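As structure tokens, the structure follows; a few thoughts come after it.
Computed from a predicted model, the values in this text were never measured in an experiment.
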Number of protein chains: 2
Amino acid sequence: MKKRTFTCGLDAAIAVMGGKWKGLILFELQTEALRFGELRRAVPGISERVLIQQLREMEATGLLHREVYRQVPPKVEYSLTEFGRSLNTALGPLGEWGEEHLERIEDIPWEQLP
Amino acid sequence: MKKRTFTCGLDAAIAVMGGKWKGLILFELQTEALRFGELRRAVPGISERVLIQQLREMEATGLLHREVYRQVPPKVEYSLTEFGRSLNTALGPLGEWGEEHLERIEDIPWEQLP
DNA sequence: CCTCATACTTACAGAAAGGTCAGTATGTGT
DNA sequence: ACACATACTGACCTTTCTGTAAGTATGAGG
């Protein structure tokens, strides 16, 4: 990712929540803060390495807050910031659209696309 | 892309419009059908190869319609389907969110992220 | 014939994203 | 002394994405 200007609001939004994981992470955090391990179990298929990477980036962009509890074994909680909550709200209609058209989307022959 | 099931509507929506280009292409087509060359000029920074790839995928997922006019030099117009228009509507709030927070998003130190 | 415009298509290479797996640090409990 | 749980961290590799540059096909116009 390089310093950049954006062609429109959608372009900027996609830069912030782009990739296939960040949307799901936001979604999981919308109701409550979660620990690292809880998030890993909540987002099926993500690897530890990638999850941490995504969390770090989202922390850097101001979408979420990382709270470390000085305990052993360690406990780290991730929660949405105000910024993150506002993005989540903006993603609402997109999620609903996906729900509405879920069957159609699953029927797309993904395996033979590019 | 493989055949897959989705964990939620947002997951499915991201699979359909994911990547950094499809959202912009939808955006450009929201008011009128465009020819290939017009689209290339409208989406700054995209290469021909990637634009065609994205258009083919979006055609395959049913987001847009490809109309070939048998002329020389060739003329091909791309326009949104009803499905594409509905996705565009769902993306509206996300685009507005990006507009609202554009400054903040541009100020993010993208160059030092991962 | 030669050039032009348009919409691709192909070959290749480099960059970025994603995955696997092993290892680290540290108080607590046994 | 030792295993345990948690949250990472690093090395390494594979897959996917993106870009560059060149070439193809076609009929019109000169």
Side-chain angles (χ1 to χ4, degrees), chain A residues 1-4 7 11 14-25 28-29 33-61 64-79 110-114, chain B residues 1-4 7 11 14-25 28-29 33-61 64-79 110-114:
Chain A
M1 286 172 162
K2 298 278 168 58
K3 188 170 286 178
R4 46 178 302 196
T7 60
D11 189 23
I14 290 175
V16 171
M17 54 72 65
K20 76 177 179 188
W21 299 115
K22 295 204 179 79
L24 295 176
I25 294 171
E28 295 298 335
L29 290 175
L34 292 175
R35 299 178 60 170
F36 177 80
E38 293 172 326
L39 263 176
R40 177 160 41 88
R41 287 184 289 274
V43 182
I46 198 169
S47 67
E48 293 196 345
R49 185 187 184 287
V50 173
L51 178 55
I52 289 170
Q53 224 170 261
Q54 302 294 309
L55 291 172
R56 290 277 138 83
E57 290 179 27
M58 292 167 77
E59 198 190 348
T61 53
L64 48 82
H65 172 72
R66 178 168 177 268
E67 182 80 31
V68 180
Y69 296 84
R70 305 163 125 290
Q71 301 176 357
V72 169
K75 172 178 174 181
V76 180
E77 268 191 357
Y78 294 90
S79 56
W110 297 104
E111 70 278 4
Q112 61 189 337
L113 271 191
Chain B
M1 286 172 162
K2 298 277 168 58
K3 189 170 286 179
R4 45 178 303 195
T7 61
D11 189 22
I14 290 175
V16 171
M17 55 70 67
K20 78 177 177 187
W21 300 115
K22 296 205 179 77
L24 294 176
I25 294 171
E28 294 297 334
L29 291 175
L34 291 176
R35 300 178 59 170
F36 177 80
E38 292 172 327
L39 263 176
R40 176 160 42 87
R41 287 184 290 274
V43 182
I46 198 169
S47 68
E48 293 196 346
R49 186 187 184 289
V50 173
L51 178 55
I52 290 170
Q53 225 170 261
Q54 301 294 309
L55 290 172
R56 290 276 138 82
E57 289 180 29
M58 292 167 75
E59 198 191 347
T61 54
L64 48 82
H65 172 71
R66 178 169 176 267
E67 181 80 32
V68 180
Y69 296 83
R70 307 162 124 289
Q71 301 176 357
V72 170
K75 172 177 173 180
V76 180
E77 269 192 355
Y78 295 90
S79 56
W110 297 102
E111 71 278 4
Q112 62 189 335
L113 272 190

Quick one: pull up [atom1] in [X] and [atom2] in [Y] and give me the separation to the nearest 0.5 Å.
{"X": "A:L55", "Y": "A:R40", "atom1": "CG", "atom2": "CZ", "answer": "11.5 Å"}
{"X": "A:R41", "Y": "A:L34", "atom1": "CZ", "atom2": "CG", "answer": "10.0 Å"}
{"X": "A:L39", "Y": "A:L29", "atom1": "CG", "atom2": "CG", "answer": "5.0 Å"}
{"X": "A:R66", "Y": "A:M58", "atom1": "CZ", "atom2": "CE", "answer": "14.0 Å"}

Just the rounded figure in Å: distance from [atom2] of [N] to [atom1] of [X].
{"X": "A:F36", "N": "D:dA5", "atom1": "CZ", "atom2": "P", "value": "16 Å"}
{"X": "B:R56", "N": "C:dA7", "atom1": "CZ", "atom2": "P", "value": "12 Å"}
{"X": "B:E77", "N": "C:dC8", "atom1": "CD", "atom2": "C1'", "value": "17 Å"}
{"X": "A:R70", "N": "D:dC8", "atom1": "CZ", "atom2": "P", "value": "14 Å"}
{"X": "B:I52", "N": "D:dG23", "atom1": "CD1", "atom2": "C1'", "value": "13 Å"}
{"X": "B:Q71", "N": "C:dC8", "atom1": "CD", "atom2": "P", "value": "13 Å"}
{"X": "A:L55", "N": "D:dT6", "atom1": "CG", "atom2": "C1'", "value": "15 Å"}
{"X": "A:E57", "N": "C:dA16", "atom1": "CD", "atom2": "C1'", "value": "11 Å"}

(Q) Using every non-hydrogen atom in the two residues, find where B:R35 and B:E38 come nearest and quote the distance to one decimal. (A) N-OE1, 2.7 Å
Q. What pair of heavy atoms forms the shortest contact from A:P44 to B:T7, and how long is it?
A. CG-CG2, 3.5 Å
Q) Is A:R40 touching bases, backbone alone, or none of the nucleic acid, heavy atoms closer than 4.0 Å? A) nothing
Q) Just checking B:Y69: base, sugar-phosphate only, or nothing, at a heavy-atom cut-off of under 4.0 Å? A) nothing
Q) How would nucleotides 18-30 of chain C be written as a contact map, 5' to 3', with B for base contact, S for sugar-phosphate-only contact and - for no contact, using protein heavy atoms under 4.0 Å? A) BBB-----BB---
**Q.** Any B:R35 side-chain N or O less than 4.0 Å from OP1/OP2 of C:dA7
**A.**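 Answer yes for this pair, as a side-chain N or O of B:R35 is under 4.0 Å from OP1 or OP2.
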Q) Are B:Y78 and C:dA7 close enough that a side-chain N or O sits under 4.0 Å from OP1 or OP2? A)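 Negative; the distance criterion is not met.
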Q: Indicate yes or no: does B:E67 engage B:K75 in a salt bridge with an N to O separation below 4.0 Å.
A: no
